[in-house]
Amino acid sequence: MSSVAVVGSLNIDLVIRAPHCPHKGETVIGGAFGMAGGGKGSNQALAAARLSAKSHIIGCVGSDDFGRRLKNVLTENGVDCSHLQTINNAPTGTAVITVTDAGESSIIISQGANSLLDDGAMTTASEIFESSDAALFQMESPPQTVAAGLKLSRQHGCRTFLSAEPPFSLPDEVWENIDYLILNEKALSFYAGHKQHKSVTSMADEILSRGVKCLAVTQSAKGGMIFEKGGENFSFEAFDIRSVDTTGARDAFCAGFCVGLCEGMPLKRAAKFASACGALACTKIGAHPSMPWRHQVSALLGEAHGDDYEL
Ligand code: RIB
C-alpha cells in the first residue's frame, strides 16, 4: 500500500446549479443548492484514500460545524487526521461554486483557517513525511508554507507533487524541490510567462529547465501532456464520459497520478490511471461525493482498454 501526505486546504463547498455564470451586475435565477466537502487538499486526501493509499491530511479547519463535518467525512473514509489542526477564532474555509448546465464550474474561496497553515505545521508533520512515499501540495495554502513543505518533505525522502492551482508566484528555489508538477494550461502560461513562449512544449521546456523533474499539463476534455526531463514527452487521452460537474476533477487526477506513481506504475500508465480518476469525478455533483473509488477506476479502465490492461 502506498502512503501519501497531502498538505492543503479544506473547504465546505456551497454549490448552486445555474444556466450560466453571472456576468457583471447580473442576477441569475439558479437551480438546486447543495453543500459538500471540498478544498483541493481535502479532495486529494479523500481521493488517495478511496484509491487504496494510506492517506494523511495536513491542514487547518475552524472550530465550527463545517470543520467538524470535514473531519468526520475524512476520518470515515480512512484519511488520517492526526495532523489536521482545529483553529479557534477562525472559520473553516468556504467555497461558493456555480455549476452550469454544461457541467462547468467556477469557484470563489474564502480561505478562513486555511490561511493559517504555517511553516511550524510542516515541521510538526516531519514524522508523516518520514513515513510517506509522497507529499502532495496545492496552492490554496500560503505559498511560503508550500515552499517550506516541499523542501522538508523532499529532505525526508518523499517524492514531491505540486498541483500549482490557483497560480501564485513562488520563490525561485521552489522549482528544484518539485518532482512532479501538475498544471492546467492557464497555470502553465502564468508560471512559464506566456509572452516569451508560443507553444505548450516551449513553456514546458522552460519549467523543466528550472529543476522540475516531470510536468503534467491537464487539458480538460482534450486529455493532457506529460513532459519528463531526459525522458519521453507524450499525450494522454481523456475518457469519453457525460460530465455533470467538473468540480474536483483535477484533484482526482492529481491523487490518481500520485498514487499510481507511488505504486510503481510507469509514467504512461499512471497518466491513464489519473485520467480515469478525473473522468469519474465529472460524473457526479460535488467534490467529495465525486472522488472515485478504486474499483470504479478499475472498471472504467477495464471497459476502455480491454482486459489486458492490468492495474
Ligand atoms: O478543486 C476543487 C475545489 O476547489 C473545490 O472543492 C473548492 O473547495 C476549491 O478548493
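Whatever order the structure lists them in is the order used to number ligands and atoms, beginning at 1. A quick note: this is a predicted structure, and the numbers were derived from the prediction, not measured. Just so you know, residue 1 is the first one in the sequence shown, and it goes up from there.
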Task: Partner of N11 by side chain to side chain donor-acceptor pair (under 3.5 Å), out of T92, T94, N114 - done: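 It is N114, the one option of T92, T94, N114 that forms the side chain to side chain donor-acceptor pair (under 3.5 Å) with N11.
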- [ ] Record the part of E140 in heavy-atom contact with ligand 1 below 4.0 Å; permitted values are side chain, backbone, both and neither.
- [x]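 Contact part for E140 vs ligand 1: side chain (C-beta onward).
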Give the numbers and elements of all ligand 1 atoms closer than 4.0 Å to a heavy atom of [X].
X	value
G39	5 (C), 6 (O), 7 (C), 8 (O), 10 (O)
N11	7 (C), 8 (O), 9 (C), 10 (O)
A287	6 (O)
D251	1 (O), 2 (C), 3 (C)
G38	6 (O), 8 (O)
I107	4 (O)

Open item on the list: So for ligand 1, is K40 a polar contact partner (N or O within less than 3.5 Å, distance only)?
Closed with: yes
Open item on the list: Geometry only, no angles: is A95 polar-contacting ligand 1 at N/O separations under 3.5 Å?
Closed with: no
Open item on the list: Any carboxylate oxygen within less than 4.0 angstrom of a Lys/Arg side-chain nitrogen, looking at D179 and R154?
Closed with: yes
Open item on the list: Could you check whether E165 pairs with K186 (Lys NZ or Arg NE/NH1/NH2 to Asp/Glu carboxylate O, under 4.0 Å)?
Closed with: no
At what distance, to the nearest 0.5 angstrom, does [atom1] of [X] lie from [atom2] of [Y]?
X	Y	atom1	atom2	result
D64	I12	CG	CD1	9.0 Å
Q296	M291	CD	CE	11.5 Å
Q44	S9	CD	OG	8.0 Å

- [ ] Considering only non-hydrogen protein atoms, determine which one is nearest to atom 3 (C) of ligand 1 and report residue, atom name and distance to 0.1 Å.
- [x]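 For this ligand atom, the closest protein heavy atom is N43 ND2, 3.7 Å.
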Task: Heavy atom of the protein closest to atom 8 (O) of ligand 1 (residue, atom name, distance) - done: D13 OD1, 2.6 Å
Open item on the list: Check the orientation of W175 and Y191. Use parallel for under 30°, tilted for 30 to 60°, and perpendicular for over 60°.
Closed with: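 Rings of W175 and Y191: perpendicular, over 60°.
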TODO: Measure up the F253 and F236 rings against each other and bin them: parallel (under 30°), tilted (30 to 60°), perpendicular (over 60°).
DONE: parallel
